[in-house]
Amino acid sequence: MTTDRTTIRLHDTKTRRKVEFAPIDPENVRLYVCGPTVYDRAHLGNARPVLVFDLLYRLLREVFGREHVTYARNFTDVDDKINARARETGRPIRDITEETVLWYHQDMDALGALRPDHEPRATDYIGQMVAMIERLLLSGHAYVAEGHVLFSVASYETYGALSGRSVEDMIAGARVEVAPYKRDPMDFVLWKPSTEDEPGWDGPVFEGEPVGRGRPGWHIECSAMSYQLFGESFDIHGGGIDLQFPHHENEIAQSACAHPSGDFARIWMHNEMLQVEGKKMSKSLGNFFTVRDLLDQGVAGEVVRLVMLGTHYRKPMDWTAEKRAEAEATLAKWYGLLHAHGFTAKMVRDLKAAGDWAMDAEFLGVLANDLNTPGAIARMHVLSNAKTPAKLVPFAAALELMGLIEDWDALADLAGADAGPEIAPEIDAAVTALLTRRAEARAAKDWAEADRIRDILNAAGVQVTDMGGQASWQPGPGFDPAKLEAAK
Ligand code: AMP
Ligand code: ZN
């Protein structure tokens with residue numbers, strides 16, 4: 001079978017090159033992204049990888065087909081920051097994590113991010129983590145020390161390949177935790193002991209000896225969950241650039257040593273940081289505001305999204321009031337334009353059903369070039385200059401692929417215009433039946449009947465848009481469905 005599929009090029013952090021994306025299995029393209037640690041509201045920086053990889057997910061679905069892409073993003077629901085929050089507030093851990101997951105869903109939904117196909121929670125995969133740690137112990141890549149299990153970095157020759165740095169450089173540049181039980185300061189925790197009041201599970205068993213009750217280290221989560229969901233090789237692994245070292249180096253070391261015949265992730269993608277005054281927005285620096293703060297201030301999710309996508313994902317970006325105002329104006333113009341040309345959910349459904357929903361090849365090509373979102377937005381400005389509904393379809397399709405419109409019936413609201421009356425299904429059915437009768441009359445060259453129906457539709461204030469033989473309608477000024485009765 002030959003395909004004229006759009007070629008996607010992606011910048012791979014590991015090889016530091018832009019590569020042509022060739023999935024392991026085009027029937028099942030697999031994307032894994034590191035998700036949040038759930039103890040607090042997501043800040044705007046946390047939304048950046050969500051929006052970047054949501055767009056990648058949408059692009060992959062466009063190119064390979066909706067059913068052929070699987071996206072997994074985890075929830076880290078076991079972590080010392082969560083334990084600390086529970087101690088400070090006196091609340092049960094489970095309450096905190098459940099509430100934070102709920103908030104995360106509400107906030108990211110509001111930004112138009114699709115839910116991933118899998119949202120694995122670390123605590124549901126402890127068994128898989130323990131099994132992986134046992135494999136690492138058996139193969140000599142890990143050792144037990146004082147109730148901990150540590151990964152031996154010296155046992156994995158190519159450690160550091162993702163960052164392209166030597167182990168010595170990494171030690172010099174990082175805050176590695178020095179602990180008396182480590183053979184080497186670079187060794188990292190796979191499993192650590194829990195006190196009675198900390199969450200804990202039965203740990204790995206090595207040479208017949210149980211390591212004891214404890215909890216997993218952070219890095220092993222993603223290795224174990226991606227293995228369980230995707231197997232030992234999958235296509236793309238993503239996350240913020242702050243995770244490149246140590247988190248992603250450690251994921252690679254664990255997965256490569258536990259499953260030496262697999263590739264783990266073929267392509268690594270990292271988004272740059274969202275900054276405030278030139279510094280990474282982060283909880284620890286206290287220079288953050290949450291996505292909810294913005295939404296509560298009346299900033300629309302689509303505005304946040306357009307601002308984010310206005311900067312290429314591999315460049316640092318600032319959130320500014322000026323960018324917000326600019327995005328608001330652009331979106332109001334775009335939504336108003338499509339509303340004025342009669343775009344509604346029904347019309348979009350009809351166009352899709354008729355095969356008339358066409359994507360602009362140049363727009364798609366720009367986006368497929370390592371997610372060049374600023375270029376894609378520039379192309380959208382050009383496409384938005386079209387003057388008829390039919391010619392605006394590529395613009396509308398681009399808007400949808402960018403995740404900037406969820407509900408086509410909300411265009412008027414989004415543009416800040418008068419939303420007009422709600423159309424009851426029986427009225428839509430009556431108008432559609434008249435449009436069909438008119439089409440039949442025309443086909444039979446019964447012009448008198450065709451004109452009579454046209455006049456009735458006009459009198460009732462029905463605005464008809466003919467597009468490539470497909471008629472679509474919306475209520476115009478003075479819309480009065482009672483006048484449709486005249487056709488009976
Ligand atoms: P965390 O909950 O801190 O582990 O972060 C969850 C995700 O947000 C990870 O992919 C991080 O890389 C990403 N992230 C955190 N801070 C920022 C930021 N300021 N800009 C962009 N991405 C960030
Ligand atoms: Zn991860």
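Hydrogens, waters and symmetry mates play no part in the numbers below; they use all other heavy atoms, side chains included. Whatever order the structure lists them in is the order used to number ligands and atoms, beginning at 1.
Donor-acceptor pairing under 3.5 Å is recorded for the side chains of S194 and R215. For the residue pair N287/K280, the side-chain donor-acceptor check at 3.5 Å is not satisfied.
Contacts between C34 and ligand 1 below 4.0 angstrom, taking non-hydrogen atoms only, involve the backbone exclusively. Only side-chain heavy atoms of D242 come within less than 4.0 Å of ligand 1; its backbone N, CA, C and O stay farther off. With a heavy-atom cut-off of 4.0 Å, L274 touches ligand 1 through backbone and side chain alike. Contacts between N271 and ligand 1 below 4.0 angstrom, taking non-hydrogen atoms only, involve the side chain exclusively.
For T70 (side chain) and R30 (main-chain N/O), no donor-acceptor pair under 3.5 Å exists by modelled atom type. Judged by distance alone, the side chain of Q228 and the main-chain N or O of Y125 form no donor-acceptor pair under 3.5 Å. In terms of modelled atom types and a separation under 3.5 Å, the side chain of E400 and the main chain of E406 share no donor-acceptor contact.
By the 3.5 Å distance cut-off applied to N or O atoms, G45 is counted among the residues near ligand 1.
Contact between E272 and ligand 1 is present, with at least one heavy atom of the residue lying under 4.0 Å from the ligand. Assignment of S282 to the shell around ligand 1 is not supported, since no heavy atom sits closer than 4.0 Å. Heavy atoms of H43 come nearer than 4.0 angstrom to ligand 1 in at least one pair.
In summary, no N, O or S atom of H248 is located under 2.8 Å from the Zn ion (ligand 2). Among the atoms of E251, an N, O or S atom falls under 2.8 Å of the Zn ion (ligand 2).
Here F75 and H105 bring their ring centres to under 6.0 angstrom of each other.
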